[in-house]
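Order of the sequence lines sets the chain letters (A, B, ...), proteins ahead of strands, with each chain counted from 1.
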There are 4 protein chains.
Amino acid sequence: MAQRGINKVILVGNLGANPEIRHMPSGDAVANLRIATSESWRDRATGETRERTEWHNVAIFGKVAEVAKQYLRKGSKVYIEGRLRTRKFQGKDGQDRYTTEVVVDISGTMQMLDGSGDGQAGAGGRQSTQAGRSHGGGAPAPSNHPTPSGADYDDDIPF
Amino acid sequence: MAQRGINKVILVGNLGANPEIRHMPSGDAVANLRIATSESWRDRATGETRERTEWHNVAIFGKVAEVAKQYLRKGSKVYIEGRLRTRKFQGKDGQDRYTTEVVVDISGTMQMLDGSGDGQAGAGGRQSTQAGRSHGGGAPAPSNHPTPSGADYDDDIPF
Amino acid sequence: MAQRGINKVILVGNLGANPEIRHMPSGDAVANLRIATSESWRDRATGETRERTEWHNVAIFGKVAEVAKQYLRKGSKVYIEGRLRTRKFQGKDGQDRYTTEVVVDISGTMQMLDGSGDGQAGAGGRQSTQAGRSHGGGAPAPSNHPTPSGADYDDDIPF
Amino acid sequence: MAQRGINKVILVGNLGANPEIRHMPSGDAVANLRIATSESWRDRATGETRERTEWHNVAIFGKVAEVAKQYLRKGSKVYIEGRLRTRKFQGKDGQDRYTTEVVVDISGTMQMLDGSGDGQAGAGGRQSTQAGRSHGGGAPAPSNHPTPSGADYDDDIPF
DNA sequence: TTTT
DNA sequence: TTTT
């Protein structure tokens, strides 16, 4: 995959409902999330505090969709990294409509920021998970770079 | 302004057309941009290279809108940092429609990545500009932190 | 403040220790955090799961430093948005040393992702807070844009 | 690769020198870049405009290192997405030192934002390139999701 | 020194 | 409708 340009979305928010799971013809899961972010500010005129919530449609593909299905619930807090995609669809009146989603696939990331959801989920987990960037058999692990010759890229030891 | 959650979009792309400038009742400019990002990949089945372009609607407010008006042109490459906002509007048939934009205001950023546009702009500039985060009279400059007492936050000298 | 280029760091991690608070000559607080992020992968050679933790030095200025002081504790999970800064300092041997920090000031953001810390903090809060981008008296609230003339920027109603 | 936490750096800046290429024992290239970002502000006290440049050490691994080697030159403008890593090394006096770099590997991205460099490079290219996230043989292309059954994930057509 |  |  090559890109010309950058198309990146980062969200931290809470699910407004349980994930909706659908399936591709291949059997792969697609998880659709509704994620809320909000901001509040003091109204200049009235002095009142106002708040606005933005709702984001997120579509998750691949293995991460399974994770979302298992562990995310209404109320769960998540970190999402994906890209914007606008899809065209047919309205009931036959007219074209457009909808914009945040797509999370192999090039994106999802991370649970709590272990709860609404707590009612028997499956509910305290597991932290990440979507994309898994490494297949032969691929080098990102943080396991061998040492360049004559150099100081030996084992990385932080502070 | 306080946030609950994070709602962030980062785009690097090219303008598909000159900015459209509108004005608020206050006289402040609003600049609307169409920005393209694209990705290409090799089709697994056919082996052909395929490409998809995503078009983003960006609405810029405040002083940055003036900069966009002056310096951006069809073809200009820009870095955009903003947030997602979905607005409701009335379709011609009286039905509700929704559209999602990337909003750039004081909390966002715009930066020109070339000095051209289409080059024909007399005003056209090689000027790099940033949208938000300007500092008013009394506000401390981000990189001008005074020294904490007994400490080493003196003048910052990079490598 | 104008920028040429982008210098942005985004961290989500946990504090390895309580924040260290220092004070500027002005009396303003500076909060220093140690934040851990980690990654794990399967070693190609041995098949074992390995893990590496990265520790980040974060320096928070301004009002957010006060929030960090009050609400963050060892173990707290936070979202940080800041910029890289490398400072020079004198080693004990009189030699120059350099250290790189993530600086969070008015142009950055901090958000607590849990309400705890170690729980022992009487002050401990469930409060979600954000560092920068506060609006002074006359500044327009980001999400409160007035309506452009002849246009559809009325009140924003999400899905 | 699994993550706990997020460790992300985004830079847009210019190279202060040609890339330095080194080689791993495997023969793979590692490209080291010095990238400048800068900010300017008006000094509150003196009213003068001040500027500060931050220099970032970037280490690029994998195929992207080859691209950097071929196409980047002193002065080139690039977009970098990577992660922070602090390495320990031995000072000449035998003491431990630490240095922090931005690492770009398969999980990161590099994109050239101009086609120049200093122009002197015979190899110099107008080619836009991206580092990570390449897809191996069997991996699904990010934007080529098949249609979920009974659903509307057909071919994506933007505005 | 965190977290799971 | 951009760009390479």
In this structure, how many angstroms lie between the [atom2] atom of [N] and the [atom1] atom of [X], rounded?
X	N	atom1	atom2	value
A:D114	E:dT4	CG	C1'	13 Å
C:E51	E:dT2	CD	C1'	10 Å
B:R50	F:dT4	CZ	C1'	19 Å
C:I35	E:dT1	CD1	P	18 Å
C:L72	E:dT2	CG	P	16 Å
C:Y79	E:dT2	OH	P	25 Å
C:R52	E:dT4	CZ	P	21 Å
D:M112	F:dT4	CE	C1'	11 Å

Under-3.5 Å donor-acceptor pair between C:S76 side chain and E:dT2 base: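 Counting by modelled atom types and ignoring angles, no donor-acceptor contact under 3.5 Å is found here.
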Less than 4.0 Å between a side-chain N and a carboxylate O, is that true for B:E101 and B:R87?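 Yes.
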Inspect the contact between C:R50 and C:E48 and indicate whether a charged nitrogen and a carboxylate oxygen are less than 4.0 angstrom apart.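 Salt bridge: no.
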To check you understand the geometry: which heavy-atom pair defines the closest contact between B:P19 and B:L72, and what is its length?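 Where B:P19 meets B:L72 most closely, the heavy atoms are CD-O, 3.3 Å.
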Do you know which two heavy atoms are closest between C:V67 and C:M110, and how far apart they sit?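 The answer is CG1-CE, 3.8 Å.
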Give the nucleotide from the list F:dT2, F:dT4, E:dT2 with an atom nearest to the side chain of A:R4.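 So the nucleotide nearest the side chain must be F:dT4.
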The side chain of C:W55 lies closest to which of these nucleotides: E:dT1, E:dT3, F:dT3?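 Nearest nucleotide to the side chain: E:dT1.
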